[in-house]
Amino acid sequence: MPEPIIKTVDLHKHFGQVQALRGVDLEVMPAQVAVIIGPSGSGKSTLLRCINHLEKPTHGHVYIDGVDLEDKKTKINAVRAEIGMVFQLFNLFPHLTARQNITLAQQVVRKRRDAEREQIARDLLARVGIPEKADVYPGQLSGGQQQRVAIARALAMNPKIMLFDEPTSALDPEMIKEVLDVMLDLAKTGMTMVCVTHEMGFARAAANRIIFMDEGLVIEDTTPEELYRNPRHERTKLFLSKILQH
Amino acid sequence: MSVMEEVSLARPEIKSRKTFSQQMRDFPWWGVVLVLGITLAFVAMLQSEQYRAALQFIVNPDNTTEIAAGILIKTGVRVTLLVTVVSYVIALVLGLILGIMRVSGNPILFHLSTLYVEVMRGVPMLVLILWIGFVVVPGLRDATNGAFELSRVQGGIAGLALGYAAYLAEVYRAGIESIHKGQMEAARSLGMSYVQAMRHVILPQAIRRVVPPLANDFVAMLKDSALVSVVAVPEILQSARLYVSRTFRAFEGYNSAALLYLILTLLFVFLVRYIEGRWRVDA
Ligand SMILES: Nc1ncnc2c1ncn2[C@@H]1O[C@H](COP(=O)(O)OP(=O)(O)O)[C@@H](O)[C@H]1O
Ligand SMILES: [Mg+2]
């Protein structure tokens with residue numbers, strides 16, 4: 001039995017009075033693609049952000065490859081370098097070109113030499129389908145192109161895990177597919193992925209797991225087929241009927 | 001016809017509809033009047049023997065020399081420029097450090113920096129300069145048995161620089177805080193340390209935003225440099241005061257000082273406008 005690459009134990013996160021997470025136990029195996037769905041405010045983003053320690057849990061533990069992030073001895077920057085994150089609003093560095101966005105962390109975190117990181121940037125831009133945009137600033141790119149650069153930027157670190165927080169929900173409809181296609185290709189390479197998204201087409205095509213969250217808890221954790229055929233909880237049924245309407 | 005085409009077609013029309021009074025409003029008449037006025041005043045002053053003497057005393061006196069920062073300074077204008085530029089550079093660096101300390105999560109750095117900024121902003125600049133000139137400088141000299149003695153110019157520079165560092169710290173802090181927090185998160189999620197993220201992601205963006213306000217503060221500092229006259233730094237105002245006390249010609253002395261300040265600040269105001277314009281285009 002292989003070890004889970006991500007493991008959360010009794011994870012709680014409070015923001016003042018708000019209990020964003022109320023005890024999440026989750027295990028993700030290497031090469032699994034897990035999709036997280038759930039209503040707004042149910043704690044999906046908070047869970048992802050606890051996984052790479054952008055949020056410090058109020059209680060409980062996160063283990064990445066068996067390493068406890070709460071342990072004082074854990075080098076959190078080294079762990080984060082192994083976990084790529086893609087944000088809803090892209091968060092590209094606007095003062096750097098697409099290429100520089102991809103090379104910066106390779107330089108300062110991975111300490112790669114100039115030629116190597118430039119080669120990696122070129123390859124990744126080609127892989128996400130915009131090799132011609134290398135020297136363009138984010139402000140001149142469409143949303144879909146920005147998000148693909150953001151994915152390339154994360155992949156440049158050779159992460160073991162990729163986290164996606166609603167990567168397509170800020171995009172115009174015609175750009176959603178170009179981003180999902182990149183994610184789908186990535187899933188096929190055996191990358192461990194945790195994706196918060198309500199793109200059910202993507203879930204069906206790429207995910208081997210679908211996790212439904214509500215009010216800071218995991219309500220259902222199953223396969224996409226099973227969830228459609230036979231949602232166990234009333235809340236899941238209600239939510240699915242809402243998101244499948246469009 | 002699409003909305004875009006309508007807009008682009010409508011644009012030249014809007015421009016040509018600008019009324020005569022709007023065009024008059026946009027032209028920098030005030031600048032023309034100011035430059036003309038200064039030129040006329042200057043020419044008129046040069047006709048008068050007394051004014052020539054006053055200007056001569058401030059701009060190019062026979063004696064009163066002091067060495068500051070390794071440079072031999074003799075004239076009021078040069079002392080003013082030297083004091084302003086050196087204080088400003090120190091304040092820029094110190095202010096940046098204080099500004100970063102104020103946004104950092106480290107409680108010690110945060111409270112130290114906040115304490116400094118609030119104390120400095122709570123004391124009038126004039127009082128600060130007097131205090132450094134007449135309390136700190138003699139105190140340091142006595143404590144070190146004369147080994148460490150700041151000159152008057154150095155004391156004046158210290159006062160201005162320490163005071164302005166607090167103001168500039170707030171400018172930097174506002175600039176850093178204006179950068180979306182997603183930028184720091186993206187950088188940290190790539191494995192960068194806080195310092196790396198600050199240096200490569202946050203500061204390059206923040207500095208661009210604070211260049212215009214920082215440039216404005218240079219002009220403010222140029223004017224506030226007159227305050228160091230109270231510790232007998234021989235800059236423009238102090239030279240004018242010396243001249244007046246020797247000749248009892250207040251009119252000529254202070255008019256000359258005011259004119260010289262005005263010329264200097266205007267030069268830099270136009271420079272600041274230019275920098276602001278350039279920066280806006282780049283951004
Ligand atoms: N930084 C924060 N400060 C205060 N409350 C927060 C913060 N982040 C999230 N929350 C709250 O925590 C709850 C869960 O938020 P989130 O994880 O963003 O939900 P989701 O991503 O599922 O929409 C919400 O009620 C939200 O308002
Ligand atoms: Mg969210």
Side-chain angles (χ1 to χ4, degrees), chain A residues 45 48-56 64 75-96 100-112 117 137-139 146-147 149-165 170, chain B residues 2-4 7-8 96 99-100 103-110 171-215 275-283:
Chain A
S45 297
L48 280 197
R49 294 159 58 82
C50 282
I51 290 175
N52 70 356
H53 216 255
L54 283 181
E55 300 289 359
K56 187 174 163 54
I64 301 296
K75 294 206 167 55
I76 194 65
N77 293 330
V79 175
R80 285 206 188 109
E82 306 294 328
I83 307 176
M85 186 161 206
V86 176
F87 301 85
Q88 183 174 353
L89 296 176
F90 331 132
N91 297 355
L92 287 180
F93 307 135
H95 61 300
L96 301 177
Q100 292 166 333
N101 264 275
I102 302 173
T103 53
L104 177 61
Q106 294 190 64
Q107 180 190 352
V108 303
V109 179
R110 291 283 191 231
K111 316 279 186 213
R112 287 182 187 143
R117 52 182 199 256
Y137 286 90
Q146 288 190 55
Q147 193 61 296
V149 173
I151 294 173
R153 175 178 70 177
L155 289 177
M157 304 302 286
N158 300 108
K160 294 185 198 141
I161 300 166
M162 285 286 286
L163 308 175
F164 293 83
D165 192 359
Chain B
S2 80
V3 177
M4 280 310 289
V7 170
S8 63
L96 177 60
I100 293 174
V103 296
S104 87
N106 184 312
I108 297 174
L109 297 182
F110 170 79
V171 173
Y172 284 117
R173 183 185 60 80
I176 293 170
E177 284 177 351
S178 77
I179 305 300
H180 192 270
K181 76 175 178 31
Q183 292 290 307
M184 177 57 89
E185 292 181 348
R188 297 304 303 271
S189 78
L190 290 162
M192 286 185 221
S193 67
Y194 177 84
V195 172
Q196 287 173 331
M198 259 297 163
R199 158 139 185 252
H200 296 287
V201 175
I202 307 299
L203 285 182
Q205 297 181 57
I207 299 283
R208 266 163 232 231
R209 290 197 193 174
V210 298
V211 163
L214 288 182
I275 292 173
E276 278 179 340
R278 282 284 311 265
W279 226 256
R280 206 166 295 141
V281 173
D282 290 354

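Lettering of chains follows the sequences in order, A, B, ..., and the numbering in each one begins at 1.
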Between A:Asn77 and B:Ser193: side-chain donor-acceptor atoms closer than 3.5 Å: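 Absent: no donor and acceptor within the cut-off.
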Distance-only donor-acceptor check, side chains A:Asn52 and B:Arg188, under 3.5 Å: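 No.
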Segment of A:Phe87 engaging chain B (4.5 angstrom heavy-atom cut-off):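 Just its side chain gets close to chain B.
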Atom group of A:Ile83 that falls short of 4.5 Å from chain B, counting heavy atoms: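 The answer is the backbone of A:Ile83.
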A:Gln147 versus A:Gln88, closest heavy-atom pair with distance: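 It is NE2-O, 4.0 Å.
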Minimal non-hydrogen separation, A:Ala105 against A:Met157, with atom names: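 Looking at all heavy atoms of both residues, the shortest contact is CB-SD, 3.5 Å.
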B:Gln196, part contacting chain A, at a heavy-atom distance under 4.5 Å: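 Interface part for B:Gln196: side chain.
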Toward chain A, the part of B:Ala197 with a non-hydrogen atom under 4.5 Å: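 The answer is neither part of B:Ala197.
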A:Gln146 side chain near A:Val149 side chain, heavy-atom distance below 4.5 Å: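 When only atoms from C-beta onward are counted, A:Val149 and A:Gln146 do not touch, as no gap falls below 4.5 Å.
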Side-chain heavy atoms of B:Leu190 within contact of A:Arg80, under 4.5 Å: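 Result no, sub-4.5 Å side-chain heavy-atom pair not found.
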Greatest number of heavy atom pairs closer than 4.5 Å to chain A - which of B:Pro204, B:Ala187, B:Gly191: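 Of the candidates given, the most pairs with chain A belong to B:Gly191.
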Top of B:Met184, B:His180, B:Arg199, B:Gln183 for chain A proximity - count of heavy-atom pairs under 4.5 angstrom: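 Highest number of pairs under 4.5 Å: B:Gln183.
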Between [options], the one whose heavy-atom pairs under 4.5 Å with chain B are most numerous:
| options | answer |
| --- | --- |
| A:Val108, A:Ile76, A:Val79, A:Leu163 | A:Val108 |
| A:Lys75, A:Glu82, A:His53, A:Arg49 | A:Arg49 |
| A:Pro94, A:Gly84, A:Ala154 | A:Pro94 |

Quiz item: cation-pi between A:Arg153 and A:Phe90, 6.0 Å / 45°: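 Relative to the ring axis of A:Phe90, which defines the angle, A:Arg153 lies outside at least one limit.
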